[in-house]
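Report on one structure; see the data block that follows.
Predicted model, so just to flag it, every value in this text is computed and none were measured. All ligand and atom numbering here is 1-based and tracks the order in the structure.
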Amino acid sequence: MERRRFLVKAGGVLVAAGATAAIDAPNVIAQPKFQWRMATSWPPALDVLDGNARRYAKMVDEMSGGRLKIQVFAAGELVPAFGVFDAASQGTLEMYNSASYYWAGKEAATQWFTTVPFGMNPKGQYVWYYYGGGLALWEEAYKPFNLVPRPSASTGVQMGGWFRRKINTLADYKGLKMRIPGLGGKVVAAAGGTVVLTPGGEIYTALERGVIDASEWVGPHDDMKLGLHQTAKYYYFPGWHEPGTTGEFTFNKKAYDALPVDLRRILDYTATAMHTLEFGEYDAKNIVALAKLRGEFKSKVEIVGFPKDVMTGLKKLAEQVNKEEAGKSPIARKTYESYNKFAAGLQPWDVMSEAAYQNLIAGA
Ligand code: CA
């Protein structure tokens, strides 16, 4: 009897203690909340890229149970399109969404993390980041800037761009004023062109007013959103200069490191999710836009393939340019070597798998 009462009493005490703990729990385990700001390099008209940034913020908010809220600002709302890198590096912003090749002037290596002329396609680029050491090199390149990068939207293989006059030979690049970023831009410069880097939201005006003769952006969907089909007649393919374009969600390192590990993982893996989701969204929207260009805009727009000789000439120049740019810093050299080695290793498998299958279904 004595023993049982003791147990009951002990149990009662335990229950009471448990109940007290449960009531106190919200105060005891209250999680700190974080309010971040993300600026992008995109105008709101670019529904895929702008939407990507906003969906990212929404997913992070929902997955973190509201513990990490990110306010998104389009290009120019808080900082200019190309001011986001410095703002996050200096800690004015906790993060940004852009493309790493815009920062070539700060560190040459950044160009490889977006895409490489005549380089890997989106799948190859993806595999290089996660399984070929690409992301680790990207982190190393950004470390001196107090930034932590993660791959974001992949655009798929881009289009070659909009030209006011036809490109028949490599010599037609001489004196051509073109908006084209990254290593591809340096290839056009090597071919004799004058290269400018215009933010996405300003291309229409520059091309429409004849300030530039040609411009590339992304592909049919985005380009039409920017109105580029109203500015130049010739729309060239393929985007030899951007075959694997991938954007970036990049965090200020101090802000990122201050987060508990679960929130950091939410930021990381939501970026990976957006990387693949936007790749799909681009394809889905590009097929609709391409049909429009071939239908209702048929008389205004001529879709042309680059001549084979032009591609051969630009490819040769690209090899020289990539090598030159790789010589600009130790990390650029390391990145160039890693990228080339990985691409060379992937190619035989790609030829046997994807390329062989694509040729088969294309009837080639
Ligand atoms: Ca582009």
Side-chain angles (χ1 to χ4, degrees), residues 40-43 45-50 52-53 75 81-82 84-85 97-105 110-122 124-125 151-163 167 173 176-189 191 193-207 212-229 231-232 234-248 275 278-279 281-283 285-286 289-290 293 303 306 311 314 318 321-322 325:
T40 81
S41 297
W42 331 118
L46 292 171
D47 62 324
V48 181
L49 293 172
D50 181 78
N52 177 40
F82 295 149
V84 298
F85 183 96
N97 174 220
S98 189
S100 65
Y101 58 10
Y102 293 144
W103 327 122
T110 61
Q111 300 170 103
W112 275 267
F113 305 122
T114 306
T115 188
V116 176
F118 301 99
M120 290 187 280
N121 67 12
Q125 194 85 20
S152 80
S154 173
T155 65
V157 178
Q158 298 202 351
M159 284 292 277
W162 299 88
F163 293 72
I167 296 287
Y173 276 97
L176 185 87
K177 199 167 181 190
M178 181 169 188
R179 184 268 176 206
I180 173 169
L183 294 166
K186 288 174 179 101
V187 174
V188 167
T194 303
V195 171
V196 291
L197 186 54
T198 314
E202 296 165 32
I203 298 173
Y204 173 83
T205 311
L207 201 53
I212 51 177
D213 307 309
S215 178
E216 66 77 59
W217 176 247
V218 169
H221 176 77
D222 263 22
D223 293 5
M224 289 181 81
K225 285 278 173 189
L226 293 182
L228 303 189
H229 60 301
T231 61
Y234 305 108
Y235 194 24
Y236 274 91
F237 69 89
W240 57 271
H241 65 301
E242 295 202 39
T245 305
T246 309
E248 55 173 338
H275 185 173
E278 299 321 302
F279 182 36
E281 188 179 3
Y282 264 117
D283 260 359
K285 290 186 169 173
N286 277 334
L290 181 61
L293 287 175
I303 302 174
F306 281 114
M311 290 294 92
L314 290 175
V321 162
N322 295 350
E325 289 295 305

Can you name the N/O/S atom of Glu242 that is nearest the Ca ion (ligand 1)?
OE2

Looking from the Ca ion (ligand 1), what is the angle between OE1 on Gln158 and O on Trp217, to the nearest 10°?
70°

State, to 0.1 Å, how close Thr114 and Ala99 come at their nearest heavy-atom pair, and which atoms those are.
OG1-C, 4.0 Å

Among the N, O or S atoms of Glu216, which one sits nearest to the Ca ion (ligand 1)?
OE1

Testing Val218, Asp222, Asp223 for side-chain contact (heavy atoms from CB on, under 4.5 Å) with Gln158, which one passes?
Val218

Which residues pass the salt bridge (charged side-chain N to carboxylate O under 4.0 Å, His left out) test with Lys285, sequence neighbours left out?
Asp47, Glu281

Centre-to-centre under 6.0 Å for Tyr236 and Phe163, is that the case here?
yes

